[in-house]
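Remember, it's a predicted structure, so these values are computed and weren't measured experimentally.
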Amino acid sequence: TREYVHTTFDTGLKVLAVRDPEAQKTGFAVAVEAGSLEDPSDFQGLAHFCEHMLFLGSKKYPETDEFSKHLALYGGTHNAYTSAEETVYYNEIGNDGIEKGLDIFAQFFISPSFKAEMVDKEIHAVDSEHKKNQPDMTRRLWHLWHSKANPENPMHQFATGDLQTLKLRPEAQNKSLVQALREFHRRNYCPSRLHLVLVGNSSTDDLLSLGHRHFDALAEVSKDSQCTPRPVYFLDHPPFSKKLQNIGRKFTVGTHGTPEMWVVLPTLPLRPHYKELPEAYIWNALAHYGPGSLKALLLREDLSQSYSYTAESTVAGSSIMLMFSLTERGAKNTDLVLEYLFAYLNDVRAAGVDNKLIGSLQQLRLVNFDYREKHSSE
C-alpha cells in the first residue's frame, strides 16, 4: 500500500512524497507550469528547446553529461516532454545514487548553464525532431487546426519549434537564443510553478527531508524571479468563435491512406470541471456500440467502420476531437456522417446528465489508480 503526503515548502515549491514499500529504485520528477503556451511569439518552440537544454549542465555541475553519467552508474534513466501547459522531467535511480543524483537534478532548476556552445547542437536536434514528425498526418492536422486559432491566443503558435523559429529568424533581428532561454527560465521556472514528486521505499518524512536538502536553494531563485500567476488565456482571447469566423470550416488534405474525417468541437474550458469527467462522460456515450448507437448506425449505413476520440483541455481552450475512419460511401457522404453525429449528440443532451453514471466512471478511475500495474519511470 502506498502512502502519499503533499505539502508546500516555504519557497513555494509543491511537493508530493510517495512511500512505496515495494519500490526497488527511487523515482523523482519535476513538473513545470510552463509549456508551449508560454512561448514568446518571436521564439516559437522555446519551451521545448528549454527542455532539451536544461539537462546540459549547471553552475554547480558544469559538465554537460554529469547527470546522465551518474544515472548510468546507478542503473537510472531520465526523460522529459513538453506539452501545451507543462514541461515534465522524470527520472529514476538506484537508491545508493539518489543523494547526488537529486542534487544534480535540482541544480537544473536553480542555476542551469544554457551554454552557448551547446545551442547549435541542440537546435539541430529539435529541428530534426520536427522534420521527422512532418510526414505524420496526425501531427500535420493538429498543427493545421491550431494554426487557425485566434492569433491573440497562444494556441495558434508553432509549439515544436525548428531552426527557423528558434535561431535564423531571431538572429536576423539581432535577438539571442541563449538570452531568451535564460529569460524564459527566470520567468517560468520559479518555485511557485514547480511541482516535485519523490517516490521510494523510504518513509515520507525521509523523502521530504531529501527534497528540502536539494531544493531549498530555490529560495535564492525566488528572490530574482518575476513569476506571476499563469494567465487564463481563454477568458481574454477565446481560440475559436463565430465572431472570429474560424468555426464551421472544412479543410481537405490529401492522403494515400484510408480516408478519414476529423471533427473538432471547441468547448468552454473543461479543466475546472475535471471531477465531473465531462470528456469521459461524452466518450462513454459515443463508445456505446449496441442498438441505437451512433456506431451501429454508421455501420448499418456503410459510412464508417470505426472512430476514435480524444480531448484536449488547457488554459488556452478545450476541444473534443472525433476521428472517423470512412468507407468508400462515407468519403462521398461526409455531410451525412456529420448529420448523424450531431443528431446523436442532441439525443445525449436531451437525455440529461446521469449522475449515477458519473459516479460509476469516478469509481472506475479510482480502481484503475489503486490497482494500476507498476512500471518504471520510462
Side-chain angles (χ1 to χ4, degrees), residues 83-84 133 135-150 153 155-157 159 234 238-271 273-274 276-314 316-353 357 361:
S83 67
N133 292 332
D136 188 323
M137 182 58 69
T138 297
R139 287 182 176 269
R140 291 171 64 187
L141 291 174
W142 188 87
H143 283 296
L144 171 63
W145 169 58
H146 280 76
S147 72
K148 303 304 177 182
N150 185 350
N153 184 301
M155 183 188 289
H156 90 285
Q157 296 189 149
F234 180 91
F240 298 94
S241 69
K242 289 183 178 180
K243 182 179 179 181
L244 292 168
Q245 298 182 336
N246 62 354
I247 58 175
R249 304 178 70 180
K250 183 178 180 180
F251 301 94
T252 302
V253 180
T255 176
H256 297 293
T258 302
E260 293 185 349
M261 180 174 69
W262 284 35
V263 181
V264 183
L265 306 173
T267 73
L268 296 172
L270 300 175
R271 183 62 60 85
H273 308 288
Y274 72 95
E276 287 78 29
L277 301 174
E279 302 101 316
Y281 189 90
I282 295 171
W283 177 236
N284 184 78
L286 289 168
H288 175 51
Y289 288 174
S293 68
L294 176 63
K295 169 74 171 180
L297 175 61
L298 295 177
L299 279 172
R300 187 172 69 248
E301 296 287 329
D302 189 30
L303 294 169
S304 172
Q305 296 291 325
S306 64
Y307 54 83
S308 58
Y309 167 101
T310 187
E312 179 181 55
S313 184
T314 73
S318 298
S319 61
I320 292 170
M321 289 163 275
L322 289 161
M323 290 78 79
F324 293 87
S325 179
L326 300 173
T327 63
E328 183 178 350
R329 181 170 185 266
K332 297 176 181 177
N333 294 275
T334 54
D335 287 345
L336 184 57
V337 178
L338 287 173
E339 181 181 331
Y340 288 155
L341 168 64
F342 286 109
Y344 186 74
L345 290 175
N346 282 335
D347 286 345
V348 172
R349 178 188 296 169
V353 176
L357 174 58
L361 292 172

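For residues 246-267, no pair satisfies salt bridge (charged side-chain N to carboxylate O under 4.0 Å, His left out), with sequence neighbours left out.
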Is there a side chain to side chain contact (heavy atoms under 4.5 Å, CB included) between W262 and T138 once you walk through the steps? CA-CA 10 Å; W262 284 35; T138 297; 3.6 Å; yes

Determine, step by step, whether I247 and K242 satisfy the side chain to side chain contact (heavy atoms under 4.5 Å, CB included) criterion, reporting the C-alpha distance in whole Å, the side-chain angles of both residues, the deciding distance to 0.1 Å, and the verdict. CA-CA 6 Å; I247 58 175; K242 289 183 178 180; 3.5 Å; yes

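A 4.5 Å side-chain heavy-atom check between F324 and L303 finds every atom pair outside the cut-off. The side-chain heavy atoms of Y309 and E279, taken from C-beta on, include a pair separated by under 4.5 Å. A 4.5 Å side-chain heavy-atom check between T314 and F234 finds every atom pair outside the cut-off.
Taking each heavy atom of S304 and S306 in turn, the nearest pair found is OG-O, 2.9 Å. The shortest non-hydrogen separation linking T258 to S325 is CG2-OG, 3.6 Å. Residues W145 and S319 come closest through the heavy atom pair CH2-OG, 3.0 Å.
Residue N333 holds its CG atom at 10.5 Å from CD of E339, rounded to the nearest 0.5 Å. Note that CG of L357 is 4.5 Å distant from CG of N284, once rounded to the nearest 0.5 Å. Atom CG of L341 and atom CG of N346 lie 9.5 Å apart (nearest 0.5 Å). Residue M261 holds its CE atom at 8.5 Å from CG of D335, rounded to the nearest 0.5 Å. Of the inter-residue distances, the one linking H146 atom NE2 with F240 atom CZ reads 7.0 Å to the nearest 0.5 angstrom.
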In a table with atom names and distances, give each donor-acceptor pair under 3.5 Å that connects a side chain of residues 292-302 to protein atoms at least two apart or in another chain.
unit_1: S293; atom_1: OG; unit_2: H288; atom_2: O; d: 3.2
unit_1: S293; atom_1: OG; unit_2: G290; atom_2: O; d: 2.7
unit_1: S293; atom_1: OG; unit_2: A296; atom_2: N; d: 3.1
unit_1: K295; atom_1: NZ; unit_2: Q305; atom_2: O; d: 2.2

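Every residue meeting the side chain to side chain contact (heavy atoms under 4.5 Å, CB included) condition with F342, not counting sequence neighbours, appears here in chain and number order: L265, L338, L345.
Side-chain N or O atoms of S318 include one that pairs as donor or acceptor with a backbone N or O of L270 at under 3.5 Å. Panel note: side chain N246, backbone P239; a donor-acceptor pair is recorded below 3.5 Å. Y281 contributes no side-chain N or O that, together with a main-chain N or O of L361, makes up a donor-acceptor pair within less than 3.5 Å.
Enclosure of atom CZ in R329 by more than 12 non-hydrogen atoms of other residues, nucleotides or ligands within 6.0 angstrom is indicated.
A side-chain contact (heavy atoms from CB on, under 4.5 Å) with I320 is found for exactly one of T267, V264, L286, V263, namely T267.
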